[in-house]
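Read through the structure below, which is laid out as structure tokens, and then see the notes.
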Amino acid sequence: MNSLFGPIDPAKDAGYTDAPPRMGFFTDTSVCIGCKACEVACKEWNAVPDDGFDLLGMSYDNTGGLSANSWRHVAFIEQAAPSPAAMDVLREAEATVSTQFLGMPSSTLPGTEGREGRDLRWLMMSNVCKHCTHAGCLDVCPTGSLFRTEYGTVVVQEDICNGCGYCVAACPYGVIDRREDDGRAWKCTLCYDRIGEGMTPACAQACPTQSIQYGELDELRERAAQRVEVLHQRGVTEAKLYGHDPDDGVGGDGAFFLLLDEPEVYGLPPDPVVTTRDLPSMWKHAGVAALGMAAAAVVAFLGRRP
Amino acid sequence: MAEAHPVGFQWVMEAKKRGATVIHVDPRFTRTSAVADEFVPLRVGSDIAFLGGVINYILSNELDFREYVVAYTNAATLVTEGFQDTEDLGGLFSGYHPETGTYDPASWQYEGHEEFAQTHEDTHVHRETAAGFQHEAHGPPVSGFVARDETLQDPRCVYQILKRHYARYTPEVVERVCGVPPEQFRKVCEAWTRNSGRERTTALVYSVGWTQHTVGVQYIRAGAIIQLLLGNMGRPGGGIMALRGHASIQGSTDIPTLFNLLPGYLPMPHFKQHETFDMWAEAIRHLGQKGFWAYARCYAVSLLKAYFGEHATEENDWGYGWLPRLTGDHGTYQQVLNMIDGKIKGYFLLGQNPAVGSAHGRAQRLGMANLDWLVVRDLYMIESATFWKDSPEIETGEIVTEECRTEVFFLPAASHVEKEGTFTQTQRMLQWREKALDPPQDCRSELWFFYHLGRLVRERLATSTLERDEPIKKLAWSYPISGQHNEPDAEAVLKEINGYDVATGAPLSGFTQLQADGSTACGCWIYSGVFADGVNQAARRKPGKEQSWVAPEWGWVWPANRRILYNRASADPQGAPWSAKKAYVWWDPEKGEWTGHDVPDFEKTKDPAFRPAPGTIGVHGLAGDDAFIMQGDGKGWLYAPAGLIDGPMPTHYEPAESPLRNPLYAQQANPVRKVYDRPENQLNPAPPERHSEVFPYVFTTSRLTEHHTAGGMSRQLAYLSELQPAMFVEVSPALAEERGLEHLGWAHVVTGRAAVEARVLVTARLRPLRLDGRVIHQIWLPYHWGGSGLVTGDSANDLFGITLDPNVLIQESKVGTCDIQPGRRPTGRALLDYIADYLRRAGLDASHYAPLETPGAGE
Ligand code: SF4
Ligand code: SF4
């Protein structure tokens, strides 16, 4: 049985005997220019459908969040005091559109407090599946559609997924999502088909500023720590890492970030915990889950058009 | 730059990672500002005041790179006694003729060279024909022999004239005109000057929106003056880089798609100024001038040999008589107005979507709707191909599908990955592209289209005896073709551009081999060498780590694979590098030759100490320290004694449409701007004209990263359309409050030409400016939308009128005045009435147009 908590090497833990080094992403938001090349490259490579043509009014973000049809999402956060009306719409839009907005009750948008009189800041951040060390989605997947790869990443196989949706609720980041048409779950594969060929994932390849860095996770963690140090020396004291710590609630992320503000500002949970942490004590409920799974499978079949 | 050129911007980010300071000067806070160390918002259209302030800062603190300035610029050159500055004449230079609205530039000349000047009639012709373009590779005509005061003390030397001209551009004036606080302005000045000199260089990078002003050329000139004063030209890490709006825009002026130029910046002959071949060739050569244009005849004859092959002979002046002649302004905007007037019958439209992308969209569409035929070649059915059935004028009843007389032929085009050829980028680098896949269905390359069109027309005319058909019949028109669709060989065309020996067909190795006796043919003299040794040099892709840091074996750069122009200036007057760090090209006294990392932009064995005998012209007239070898006097021009129609030094004028009275001069706007006073081209009033308050706001447009120009290549793609799915307008929270605009609600922007509706984004990235105690609101719109595609919307360019820069006829499409109102605009006939009401309130009608010269100027 896989470990469910604590710092581990996930590929070894999943039974790979001589796994290659764990691969991942270091996304350095301090150099992101918000070009969205990552979003487009991901869709091109993975043939992900478009996500609708809606103007969201969330600064230049018209994607809204990670979803079955957007595996990279570039968030744009304008930090100044916009008009109260604009703030209302922003908050509303975030609450309804983003699958990730945490809905903290607060009278201002996260990140705007205490910024009055400070210069305008426009934060940009390319979000993605975190490929957690302890992945809730994978732990609850009843079909084996979600699996741990030899690179330590988490991949969903669309031909096995039955659309039960457990993974959706199990992700502490709100990443994995089902498509409306057939109900199957989709998310970033960390370009499993590319990295197996020694290629860089499409999003990282397209990123012009190396905001998205792909590589061996250990090496990326070192690089990230150095980068934070450099930024601190240059007076960017707010620079901090997110998801890099193997001792956090998900055992560290395979895709971690350098942020310039609190995680909530970017719509990220401040202290994510793998949802299956308490799974052993929940095993007694497994039978119920199995029933539910069978029902979901029937629904999926009925829902499919000839 | 991050918005429109994200790929190039990676190098700015790389520099920033290494500790560079990034300053972003822009009317609005963009993705570039987001990562800049300093964001400097300024009023749209006030850039010369800003740059003039920098010049003043440099000169009044004596921060110029003096040794460089004395040796390589015309700072020491004396100007005629008759010259009078805008500072003395209320914003006009001496020589203004109010009747024609042009200058007689005689008094601007170098001392003793008044006879070099053109008359104001010449100037008029030059404005009509955008003659300024010829100077891209070509100093305008001046004598090579000038009086100089190397102490820079003579009150009539350029240095002192410049100093007086900009003395008034103080930080306080910059604040009044641009809205930039003095402390912030000082930071910019300090950063720029500190990062220039022997040990350091600064690059000035602009995108082409900078040129789209009635003083567009003078914007760039102002930047050039600063770069020359600080010694940032001809040196590594320096220069002025124009980021072009499309791939190969540099290429399309080198081998031009412009009405007034032939390849290599040779002027298109003018029916009166260049009646004979000799008049034309001499006009290019600029008699009495130093430098490489002395060989103009070789370039001209070789071009005609490339055009007409064996038919070009010495007896028939190399076929010069077959070249078309300019008779006046045939620029794109004049043509559109001519279409409206029924003077143009047919039109080819390639790679352009004027119904969305050009200023005054309504005029563009009305013009195209009044042709006999229109050929559109594009990837998609763009708005310029479908205006006859779905343009905004269908809604207003101005175009009626059943009655529209234009027959439109749509020919699908191959994209850049579906054909071979070159792109020439801003560094003048040609890079060869392979074809990745065949174009689908009937899509064909431009090369295929024009080759076969020419072939078929020639077949039709083969038996014609009409004289007018001779030029077509006499063309050399044979290129190897291959494949299922008889695709011409793009490399064969590149070989012809490179030039060859007529007798043997052997490719030339460079333009110095060109002859004036008909023994060589060359399609574009500046590109000669791109096929040296029979090898496609543009296709070279040697990785950077396998060659020197200058990377001479990546692609090919004109001229002569020289990566930095005027690189003689990277060494001091004696020929030694200015500093070890910035060593680039230098004189090797032992070998007696110029050497270094790049191809020296100088005669290889010309000693730095060489001084020509007085009166020597051409290349031999260049002294050992005349670094600017294409200029008639061998110097970089801080002051332009000739070649510019609107004055020898950049001067702040207000945009043609402005809510402000010019704070610096009685003269309000550029007094020689190109105007088209016509009822369909009403310009919003600017002070001192009355009623400017009807259009109280300033607006500007630009691009979003997610879309490409007029949208033909992005609004058709779901992955791009979803990222910016709707036309919107950005306003500051303060303006939103003033006009009752709601975030995500509708609003419409109104000018004397159009009303354009858009969704509202209220954002602090736009901020009102306080100028002279007055609050100026600025509005921003993207210009990507039109009526077809996956996402549609009104076109921002419909808002602009047509007023042009006089030097190159570029339109003022980055600044105008407007009103903004909540809600959607009226539709149908009501829209026309709505705009008519604005015109009436603004006092605009066909009986009065603002004069070029503002009353009170010239005193
Ligand atoms: S790694 Fe591949 S699948 Fe994942 S976001 Fe990047 S491009 Fe998309
Ligand atoms: S491609 Fe890179 S720079 Fe562009 S939005 Fe994505 S992460 Fe940011």
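Quick caveat: nothing in here was measured; it's all calculated off a predicted structure. Chain letters run A, B, ... following the sequence lines, proteins first, then strands; residues in each count from 1.
With a 4.5 angstrom heavy-atom cutoff, A:E39 touches chain B only via side-chain atoms. Heavy atoms of A:D54 lying under 4.5 Å from chain B belong exclusively to its backbone. Both the backbone and the side chain of B:L723 have a heavy atom closer than 4.5 Å to some heavy atom of chain A. Contacts between B:R767 and chain A at a heavy-atom distance below 4.5 Å involve the side chain alone, from C-beta outward. Using a 4.5 Å cut-off between heavy atoms, B:F39 does not touch chain A at all. Neither the backbone nor the side chain of A:C207 comes within less than 4.5 Å of any heavy atom of chain B. Residue A:S211: no heavy atom, backbone or side chain, is found under 4.5 Å from chain B. Interface residue B:L704: only side-chain heavy atoms are found under 4.5 Å from chain A.
Contact record, B:M13 with A:T209: CG-CG2, 3.6 Å, taken as the closest heavy-atom pair. For the residue pair B:K17 and A:Q210, the shortest heavy atom distance occurs at NZ-OE1, 3.7 Å. Minimum interatomic distance between B:Y719 and A:V40 (heavy atoms only, all atoms of both residues): O-CG2, 3.9 Å. Shortest non-hydrogen contact noted between B:E706 and A:Y60 is OE2-O, 4.3 Å. Pairing each heavy atom of A:P208 with each of B:P6, the nearest pair is CB-O, 3.7 Å.
Interface remark: of the candidates B:P725, B:S732, B:A34, B:S721, B:P725 forms the most heavy-atom pairs closer than 4.5 Å to chain A.
Atom-to-atom distance recorded for B:K16:NZ and A:S30:OG is 7.0 Å, nearest 0.5 angstrom. The line from OG1 of B:T763 to CZ of A:F76 is 12.0 Å long, rounded to the nearest 0.5 Å. Interatomic distance, A:F53 CZ to B:R715 CZ, rounded to the nearest 0.5 Å: 12.5 Å. Distance check, rounded to the nearest 0.5 Å: CD of A:E44 to CG of B:L717 gives 8.0 Å. From B:T30, atom OG1 reaches atom CD1 of A:I33 across 10.0 Å, with rounding to the nearest 0.5 Å.
More than 12 non-hydrogen atoms from other residues, nucleotides or ligands lie less than 6.0 angstrom from CD of B:E14. The number of heavy atoms from other shown groups lying within 6.0 Å of NZ (B:K187) does not exceed 12. Other residues, nucleotides and ligands place more than 12 heavy atoms under 6.0 Å from the CZ atom of A:R221. Counted within 6.0 Å of CZ on B:R18, heavy atoms from surrounding residues, nucleotides or ligands total 12 or fewer; the atom is thus considered open.
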Check against side chain to side chain contact (heavy atoms under 4.5 Å, CB included), A:L55 and B:L744
CA-CA 8 Å; A:L55 186 75; B:L744 280 185; 3.7 Å; yes
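Taking 4.5 Å as the limit, some side-chain heavy atom of A:N62 sits within range of a side-chain heavy atom of B:Q724.
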